Protein chains: 2
Amino acid sequence: MGTLTVGEVARESGVSGSAIRFYEREGLIAATRTSGNQRRFESDAACRVRVARVAQRIGLSVGEIRDLLAALPLEPDLADWQTLHDRLTAEAERRIAELHAALDDIRSGRRLCDL
Amino acid sequence: MGTLTVGEVARESGVSGSAIRFYEREGLIAATRTSGNQRRFESDAACRVRVARVAQRIGLSVGEIRDLLAALPLEPDLADWQTLHDRLTAEAERRIAELHAALDDIRSGRRLCDL
DNA sequence: CTAAAACTGAAACAATTGTTGAAGTCAAGC
DNA sequence: GCTTGACTTCAACAATTGTTTCAGTTTTAG
């Protein structure tokens, strides 16, 4: 009950088992191993995977998400969540700004060829 | 003088020769062939490649850009440019809206795990 | 005509984000 | 203790967007 298998994390987070293994390989989530070499995750794993999917919606790469989650302790306090929150927000706004810049260029009146 | 080689299109459009060949393979730009099988592009090719790069900034895939450029005749009139313009703009706005939706979710007050 | 520069296709490589399949191992219930 | 479902690793595959390298061909300038 204290720990979760790959399949349980997969179900709880709505991601496939192969993706869960991939995320563990990539360092997004940590696992211990049973004596028989099976992964066991702490109960926060599904939460972290969900955070990862939110970050993917924003457009972060797996490497960026790894770094993001690295700053999130096992039992995050409010400040930890706030930090994560702020980083995701900043990144989203940065990407929105990039798109706005592209839009401005498109609308600049110059021919598209000259951008 | 009426046609351009790969290298000339590359220089005029600021992308590499290998990318130019790739774009031709993928149908973004059209080429005729010399008797010696070398590509020759019409003078609009560099322009189309530039449009493609703008579209990439917006986030369109090569396939989407192919479709976009397919609607652009060899000598586009104002309406053709307007159509292209409108599609790019709409696509940019769509992606901006997606990011705003993600931002709204992040700011919804729910825990990130519950998104 | 010849030498150099640019071109050719084909294939391998690269990073990214996983999925699929095979063969074998572990864990849980009965 | 046996069966069954879930797990393991490893490798191959997939799509995307090109780059690199090879050996060979064409074009162009002189």
Side-chain angles (χ1 to χ4, degrees), chain A residues 1-43 45-46 48-69 91 95 102, chain B residues 1-43 45-46 48-69 91 95 102:
Chain A
M1 189 123 256
T3 61
L4 304 170
T5 66
V6 165
E8 287 163 343
V9 175
R11 269 186 296 282
E12 280 194 31
S13 60
V15 170
S16 68
S18 65
I20 296 296
R21 293 190 188 90
F22 175 71
Y23 292 156
E24 193 237 3
R25 264 202 314 285
E26 294 296 318
L28 276 60
I29 48 179
T32 55
R33 297 292 179 129
T34 64
S35 58
N37 197 37
Q38 294 194 355
R39 293 171 186 81
R40 286 301 124 91
F41 298 92
E42 296 302 319
S43 50
R48 294 171 82 92
V49 172
R50 284 170 180 276
V51 171
R53 302 309 289 221
V54 173
Q56 280 189 328
R57 270 175 81 190
I58 304 296
L60 280 80
S61 69
V62 167
E64 289 169 329
I65 296 171
R66 172 179 42 235
D67 297 345
L68 200 69
L69 288 177
E91 191 59 29
R95 295 188 190 236
Chain B
M1 190 120 264
T3 60
L4 304 171
T5 66
V6 166
E8 288 164 341
V9 175
R11 270 187 296 282
E12 280 194 33
S13 61
V15 310
S16 68
S18 64
I20 296 296
R21 292 191 188 88
F22 175 72
Y23 292 157
E24 193 238 2
R25 262 202 314 286
E26 294 296 318
L28 276 61
I29 49 180
T32 55
R33 298 295 179 125
T34 65
S35 58
N37 198 36
Q38 294 196 356
R39 292 169 187 85
R40 286 303 124 89
F41 298 92
E42 295 301 318
S43 50
R48 293 171 83 92
V49 171
R50 284 172 180 277
V51 171
R53 302 309 289 222
V54 173
Q56 278 189 328
R57 270 175 81 192
I58 304 297
L60 281 79
S61 70
V62 167
E64 289 169 329
I65 297 172
R66 174 181 40 236
D67 297 344
L68 200 67
L69 288 177
E91 191 58 29
R95 296 194 188 233

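These numbers were taken from a predicted model, which means no experiment stands behind them. Every chain is numbered from 1, with letters handed out A, B, ... down the list of sequences.
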Enquirer: Select from A/Asn37 and A/Ala19 the residue whose nearest nucleotide in DNA chain C is closer to the 5' end of that strand.
Expert: A/Ala19

Enquirer: Give me the atom names and distance for the closest heavy-atom approach of B/Phe41 to B/Ala30.
Expert: CD2-O, 3.3 Å

Enquirer: Any side-chain N or O of B/Arg33 under 4.0 Å from OP1/OP2 of C/dG9?
Expert: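 The answer is yes; a side-chain N or O of B/Arg33 sits under 4.0 Å from OP1 or OP2.
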
Enquirer: Rounded to whole angstrom units, what separation is found between the CG atom of A/Leu28 and the P atom of C/dT16?
Expert: 13 Å

Enquirer: Using a cut-off of less than 4.0 Å, is there contact between a side-chain N or O of B/Arg21 and OP1 or OP2 of C/dG9?
Expert: no

Enquirer: Think A/Tyr23 has a side-chain N or O under 4.0 angstrom from the OP1 or OP2 of C/dG18?
Expert: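 True: A/Tyr23 side-chain N/O within range (under 4.0 Å) of C/dG18 OP1/OP2.
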
Enquirer: In whole Å, what is the span from the CZ atom of B/Arg11 to the P atom of C/dA5?
Expert: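 Computing the B/Arg11:CZ to C/dA5:P distance gives 13 Å.
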
Enquirer: It should be established whether B/Thr5 places a side-chain nitrogen or oxygen under 4.0 Å from OP1 or OP2 of nucleotide C/dC7.
Expert: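 Indeed, a polar side-chain atom of B/Thr5 lies that close.
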
Enquirer: Mind checking A/Gln56 for me? I need base, sugar-phosphate or nothing, with any heavy atom below 4.0 Å counting as a touch.
Expert: sugar-phosphate

Enquirer: Identify, between B/Val6 and A/Gly17, the residue whose nearest nucleotide on DNA chain C lies closer to the 5' end.
Expert: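 It is B/Val6, whose closest nucleotide lies nearer the 5' terminus.
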
Enquirer: Under 3.5 Å, is there a donor-acceptor pair between the side chain of B/Arg50 and the main chain of B/Glu12?
Expert: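 Here the side-chain-to-backbone pair exists.
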
Enquirer: Please confirm whether the backbone N or O of B/Arg21 pairs with a side-chain atom of B/Arg39, one donor and one acceptor, at under 3.5 Å?
Expert: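 Not confirmed, B/Arg39 side chain does not pair with B/Arg21 backbone.
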
Enquirer: What integer distance in Å separates A/Phe22:CZ from D/dC13:C1'?
Expert: 15 Å

Enquirer: With a cut-off of less than 4.0 Å, is there a side-chain N or O of B/Thr34 near OP1 or OP2 of D/dT27?
Expert: yes

Enquirer: Want to settle it: does B/Arg40 or B/Gly63 sit nearer the 5' end of DNA chain D, counting the closest nucleotide to each?
Expert: B/Gly63

Enquirer: Rounding to a whole Å, what distance do you find between B/Arg57:CZ and D/dT17:P?
Expert: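 The answer, rounded to whole Å, is 18 Å.
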
Enquirer: Taking all non-hydrogen atoms of both residues into account, name the closest pair between B/Glu26 and B/Val62 and its distance.
Expert: CB-CG1, 3.8 Å

Enquirer: Mind checking if A/Arg39 touches a base, just sugar-phosphate, or nothing, with heavy atoms under 4.0 Å?
Expert: sugar-phosphate

Enquirer: Rounded to the nearest angstrom, tell me the gap between atom CD in B/Glu8 and atom P in C/dC7.
Expert: 7 Å

Enquirer: According to a strict under-4.0 Å criterion, is A/Ser18 in side-chain N/O contact with OP1 or OP2 of C/dT20?
Expert: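 No.
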
Enquirer: Classify the nucleic acid contact of A/Arg25 as base, sugar-phosphate or nothing, counting any heavy atom under 4.0 Å across all strands shown.
Expert: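 Counting heavy atoms under 4.0 Å across all strands, no contact is made by A/Arg25.
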
Enquirer: Quickly work out the B/Leu60 CG to D/dG18 P distance and round it to whole Å.
Expert: 13 Å

Enquirer: Would you indicate which nucleotide in D/dA6, D/dT26, D/dT19 comes nearest to any side-chain atom of A/Gln38?
Expert: D/dA6

Enquirer: Can you give me the closest heavy-atom contact between A/Ser13 and A/Ile20, atom names plus distance?
Expert: OG-CD1, 3.9 Å

